[in-house]
Structures are given as C-alpha cells and as structure tokens.
Amino acid sequence: MRDREVIAKDLLEWYDRHARTLPWRVPPGGGTADPYRVWLSEVMLQQTTVAAVKGYFLRFTALWPRVEDLAGAEDAEVMAEWAGLGYYARARNLLACARAVTARGGFPDTLEGLAALPGIGPYTSAAIAAIAFDRAETVVDGNVERVISRLFAIETPLPASRPQIRALAQSVTPATRPGDFAQAMMDLGATICTPRSPACAICPLNAPCKARTLGLAADLPRKAPKKPKPQRQGKVWIGLSQGRILLETRPAKGLLGGTLAFPSTGWDGSDQPPPAAADWQEIGTAQHVFTHFSLELRVLLGRLDSNPQRGELVPLAGFSPNALPGLMRKAWAIASDATAGLSDLHENRQA
DNA sequence: AATGCGTGGCC
DNA sequence: TGGCCAAGCAT
C-alpha cells in the first residue's frame with residue numbers, strides 16, 4: 001500500500017472512532033446525507049465556527065425542513081433568521097440558490113452543476129458532491145490547508161501555496177468514502193491539528209507528518225502579513241414615535257446588505273442627514289470590528305417631530321433586536337440602557 | 001489577484 | 001486586551 005493510501009486509511013480509522021456528532025452529519029459509514037442539509041450547513045459554516053452555526057441550523061431546518069420550503073419563504077423572513085450570523089451575502093445567495101434548486105427539481109449531483117449555483121464556490125461544491133453524492137472530489141478549506149501544509153511541510157506562505165496544497169490534497173483523497181474523508185480532515189483540523197499548539201502526540205497522522213518531524217508543526221502554514229485595520233466613525237439614529245421605532249432595509253449590496261437596520265451614516269461610504277426631525281441626543285458609542293475596519297458608531301436617540309424622510313416606523317411590539325445584525329444590536333442595547341426609565345421602550349421589551 | 005464582506009471566542 | 005482565527009464566495 002502506498003504512503004498516500006495509508007494516510008487516508010489511518011485518517012478514516014480515526015474518524016470512525018472520533019467523529020464529532022453534529023446536527024447536519026450522518027455517522028461515519030452511514031452513507032450519504034440529505035443534500036439540502038449538507039448545503040445549508042456548509043453555507044452557514046463558511047468562515048463561521050461550528051458553535052455559532054448549530055442554533056441557526058436547527059432553527060432554519062425547523063422552519064424550512066426542505067429546500068422547497070425555504071424557496072417559498074419571504075426575503076425579509078430569511079434575512080431576519082440569518083441576523084447575527086454575519087456575511088449577509090450568504091443569506092441572499094442562499095435564498096436565490098434554494099429557488100434555483102426548486103425550479104430545477106432538486107440539487108445537481110455533480111461538482112460543475114453545484115458550482116454554478118449562487119453562493120456555492122470551489123469548496124462548497126466539492127463538499128456537497130463528496131458528502132451528499134459520494135463523489136471523489138477533493139475538499140480544500142482552511143482546515144485542509146493547515147493539515148496538508150503540515151503533513152508535507154510546505155513552507156511557502158499562503159495564499160501562494162494554494163496550488164501545491166490542492167495537488168497534494170487530491171493525491172491523498174481516497175476513491176472510497178470521499179465524504180467521510182473530507183469530514184475527517186476537517187475534524188482533525190478542528191480538534192487535533194489546530195492552528196496553535198497542535199496535539200501531535202495523539203494525532204493519527206503523526207508518523208507521516210513532515211512538519212512534526214522537523215519541529216515545524218505549530219509554525220505552519222505560514223501566511224502573508226495582514227494589512228492594518230483602519231478606524232472608521234459614524235452615526236446611527238434610533239428614532240421613536242408613538243410606540244413605533246424607525247427602521248430601514250439596507251441596500252442589497254455592500255456592508256450589511258439587505259439587513260434590517262437603524263438609519264445611519266458616515267461609516268459605510270454614505271453621507272446622510274438625520275432621517276427625520278427630532279430631539280436627537282447622543283447617548284453613547286457602539287464599538288464594532290468588521291473584517292477590514294474597526295468602527296466607532298455614535299448612537300443618537302430621539303422622538304420624531306414629523307414623518308421620517310427615510311425608513312419605516314414599525315410598532316415596538318413587533319420589533320425584535322434579534323432580527324438585526326450584530327452592530328445594530330449593540331446600538332439598540334445602548335439605547336435600551338439609556339432609556340431604562342422610559343416606559344415607551346420597555347413595556348414592549350420582554351428580554 | 002486582491003479586496004470586500006461579520007461575528008464571537010480564544011489566549 | 002487586541003490580534004488572530006473559523007467548513008469561502010463574488011467580483
């Protein structure tokens with residue numbers, strides 16, 4: 001048996017004993033999983049931790065058990081359920097994908113067919129093809145990049161090393177149980193071959209691992225230096241009027257695209273006046289860190305004198321901060337604290 | 001090819 | 001505590 005085959009065999013034996021139990025997962029050797037659940041979980045897991053995804057996955061599948069159910073949901077409903085998970089383009093693409101899949105009568109079962117759908121790229125198409133359709137596709141995500149970089153002691157920094165990593169990952173992908181192999185690589189990366197202080201002593205691949213042999217495991221993969229994060233500033237207006245609160249749906253593209261939000265300005269490239277005349281008072285500052293900048297958002301609270309020029313007044317009784325993205329939840333929390341004595345806000349807030 | 005795009009947890 | 005990191009995709 002060749003070295004590369006031994007790697008797959010040893011990893012699958014480890015997975016048979018140590019696979020994590022996850023809501024979207026079929027036990028090792030249990031065959032293929034429901035493509036809808038595989039797809040939904042993989043999209044949610046893009047750049048997102050398992051711990052953060054679990055609750056969202058359970059709520060989505062309870063609300064929409066089949067892809068046809070999700071396809072029939074309203075845009076705003078899906079955005080509200082996604083709120084807090086981040087990377088909101090995923091939610092918009094999720095719905096577009098569900099509708100495309102429903103229109104064509106089910107998920108395509110090939111890499112190329114899957115990759116043509118919105119929100120499904122090289123990683124996700126390979127994951128669905130392998131896990132749901134038992135195709136011998138090679139899945140390359142952040143875990144696989146780390147495991148392969150160490151296994152073969154690749155010292156070229158990411159992202160330049162990607163082509164080499166992909167070729168080596170393909171060379172260890174087995175023809176049988178490709179889905180279990182993909183999930184095994186990810187479990188290994190998540191639990192043993194971790195970014196810092198990898199647990200080489202209990203790793204099923206420690207014998208063939210070149211980085212371990214060279215004492216380099218914790219130093220790989222090397223990465224190109226990151227750019228500094230600029231600091232941005234902005235304002236957000238939380239407007240109240242007769243038991244209603246002023247909200248708007250953000251433009252479909254760009255920062256927090258398509259999410260429900262309080263009107264704001266200055267931090268996202270926009271430069272806007274207050275959305276309405278009101279006794280605006282600055283009550284605090286929300287601190288938030290996005291992928292490529294940090295933000296100080298000054299929170300203004302006011303009672304409207306007249307109808308707003310943008311946004312929509314929504315009854316407080318029908319408003320839940322859970323439908324807002326994280327940044328806007330922080331702004332709301334500041335307003336909520338500042339008005340602890342005001343009945344207007346709190347009689348409807350059963351936190 | 002490099003950049004834009006969230007959030008929470010970790011040490 | 002601030003930087004780093006997590007099952008990437010679109011453009």
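The analysis underlying the following values was restricted to heavy atoms, covering all of them including side chains, and did not include hydrogens, waters or symmetry mates. Lettering of chains follows the sequences in order, A, B, ..., and the numbering in each one begins at 1.
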Report task. Would you mind listing every salt bridge (Lys or Arg N to Asp or Glu O under 4.0 Å) that reaches into residues 196-205 of chain A, with sequence neighbours excluded? Result -> none

**Report entry** Any donor-acceptor N/O pair under 3.5 Å between B:dG8 base and A:Thr48 side chain
**Finding:** no

Query raised in the report: Side chains of A:Trp267 and A:Ser264: is there a donor and an acceptor less than 3.5 Å apart?
Result: yes

Requested in this report: Scan A:Val139 against the nucleic acid and name what it touches under 4.0 Å (heavy atoms): base, sugar-phosphate only, or nothing.
Outcome: nothing

Report summary line: Sorted by chain and residue number, the ring-ring contact (aromatic ring centres under 6.0 Å, His included) partners of A:Phe107 (sequence neighbours excluded) come out as A:Trp39

Query - Exercise: identify the closest heavy-atom pair between A:Asn206 and A:Ala201 - result: ND2-O, 3.8 Å

Requested in this report: Take the protein atom OH of A:Tyr56 and the nucleotide atom P of B:dG6, then report the distance between them rounded to whole Å.
Outcome: 13 Å

Query raised in the report: Between atom CE in A:Met328 and atom C1' in B:dG6, what is the gap in whole Å?
Result: 13 Å

Requested in this report: State whether A:His292 places a side-chain N or O below 4.0 Å from either non-bridging phosphate oxygen (OP1 or OP2) of B:dG4.
Outcome: no

Report task. Give me the residues of residues 111-133 of chain A where at least one heavy atom lies under 4.0 Å from an atom of DNA chain B, by number, or none. Result -> none

Query raised in the report: Which parts of residues 193-204 of chain A get close to DNA chain C, meaning a heavy atom less than 4.0 angstrom away?
Result: A:Pro195

Report task. State plainly whether the residues A:Arg25 and A:Asp187 are in salt-bridge range, i.e. N to O under 4.0 Å. Result -> yes

Report summary line: By side chain to side chain donor-acceptor pair (under 3.5 Å), A:Thr48 pairs with (sequence neighbours left out) A:Arg90

Query raised in the report: Would you call A:Arg37 and A:Asp34 a salt bridge, using N to O less than 4.0 angstrom?
Result: no

Requested in this report: Assign A:Leu22 to base, sugar-phosphate, or nothing according to its heavy-atom contacts below 4.0 angstrom with the strands shown.
Outcome: base

Report task. Specify the residues of residues 82-89 of chain A, ordered by number, for which at least one heavy atom lies under 4.0 angstrom from an atom of DNA chain B. Result -> A:Gly84, A:Leu85, A:Gly86, A:Tyr87, A:Tyr88

Report task. Nearest whole angstrom, please: distance from the C1' of C:dA6 to the CZ of A:Phe290. Result -> 18 Å

Query raised in the report: Is A:Lys229 touching bases, backbone alone, or none of the nucleic acid, heavy atoms closer than 4.0 Å?
Result: nothing

Report summary line: Residues passing the ring-ring contact (aromatic ring centres under 6.0 Å, His included) test with A:Tyr56, sequence neighbours excluded, are none

Report task. Specify the separation, in whole Å, of atom CD of A:Glu296 and atom P of C:dG2. Result -> 12 Å

Query - Atom-to-atom span, CG of A:Leu45 to P of B:dG8 - whole angstrom - result: 16 Å

Report summary line: Note: for A:Val289 and A:Gly189 on DNA chain C, the residue whose nearest nucleotide lies more 5' is A:Val289

Query raised in the report: What's the closest nucleotide to the A:Lys226 side chain, out of C:dC4, B:dC5, C:dA6?
Result: C:dC4

Report task. Answer with base, sugar-phosphate or nothing: what part of the nucleic acid does A:Arg146 contact at a heavy-atom distance below 4.0 Å? Result -> sugar-phosphate

Requested in this report: Send over the distance from A:Gln46 CD to B:dT7 P, rounded to a whole Å.
Outcome: 16 Å

Report summary line: Atom CE of A:Met44 and atom C1' of C:dC9 are separated, to the nearest Å, by 16 Å

Query - Residues forming a salt bridge (Lys or Arg N to Asp or Glu O under 4.0 Å) with A:Asp75, sequence neighbours excluded - result: A:Arg99

**Report entry** Interface with DNA chain B, restricted to residues 247-259 of chain A and to heavy atoms under 4.0 Å
**Finding:** A:Gly254, A:Leu255, A:Leu256

Requested in this report: Evaluate the ring-ring contact (aromatic ring centres under 6.0 Å, His included) criterion for residues A:Trp82 and A:Tyr87: first the C-alpha distance (whole Å), next the side-chain angles of each, then the deciding distance (0.1 Å), finally the verdict.
Outcome: CA-CA 9 Å; A:Trp82 195 275; A:Tyr87 287 137; over 10 Å; no

Requested in this report: Sequence neighbours left out, what passes ring-ring contact (aromatic ring centres under 6.0 Å, His included) with A:His292? Give chain and number order.
Outcome: none

**Report entry** Donor on one side chain, acceptor on other, A:Gln233 and A:Arg298, under 3.5 Å
**Finding:** no

Query raised in the report: Of all residues at least two apart in sequence or in a different chain, which pass the salt bridge (Lys or Arg N to Asp or Glu O under 4.0 Å) check with A:Arg250?
Result: A:Asp268

Report task. Taking the six-membered ring for Trp and the single ring otherwise, decide whether the centroids of A:Trp24 and A:Phe60 are under 6.0 Å apart. Result -> no

Query raised in the report: Mind checking the P distance from B:dG6 to C:dT11? Whole angstroms is fine.
Result: 14 Å

Query - Most 5' of A:Gly326 and A:Lys227 on DNA chain B, judged by nearest nucleotide - result: A:Lys227

**Report entry** Between C:dC4 (C1') and A:Asp219 (CG): distance, integer Å
**Finding:** 15 Å

Report task. Using a heavy-atom cut-off of under 4.0 Å over every strand shown, decide if A:Arg92 touches base, sugar-phosphate, or nothing. Result -> nothing

Requested in this report: Using a cut-off of strictly less than 4.0 Å, decide whether A:His288 has a side-chain nitrogen or oxygen near OP1 or OP2 of B:dG6.
Outcome: no

Compile the donor-acceptor pairs under 3.5 Å between side chains in residues 115-127 of chain A and protein atoms, sequence neighbours left out, one pair per line.
{"from": "A:Tyr123", "atom 1": "OH", "to": "A:Glu42", "atom 2": "OE1", "distance (Å)": "2.6"}
{"from": "A:Thr124", "atom 1": "OG1", "to": "A:Gln46", "atom 2": "NE2", "distance (Å)": "2.9"}
{"from": "A:Ser125", "atom 1": "OG", "to": "A:Gly121", "atom 2": "O", "distance (Å)": "2.7"}
{"from": "A:Ser125", "atom 1": "OG", "to": "A:Pro122", "atom 2": "O", "distance (Å)": "3.2"}

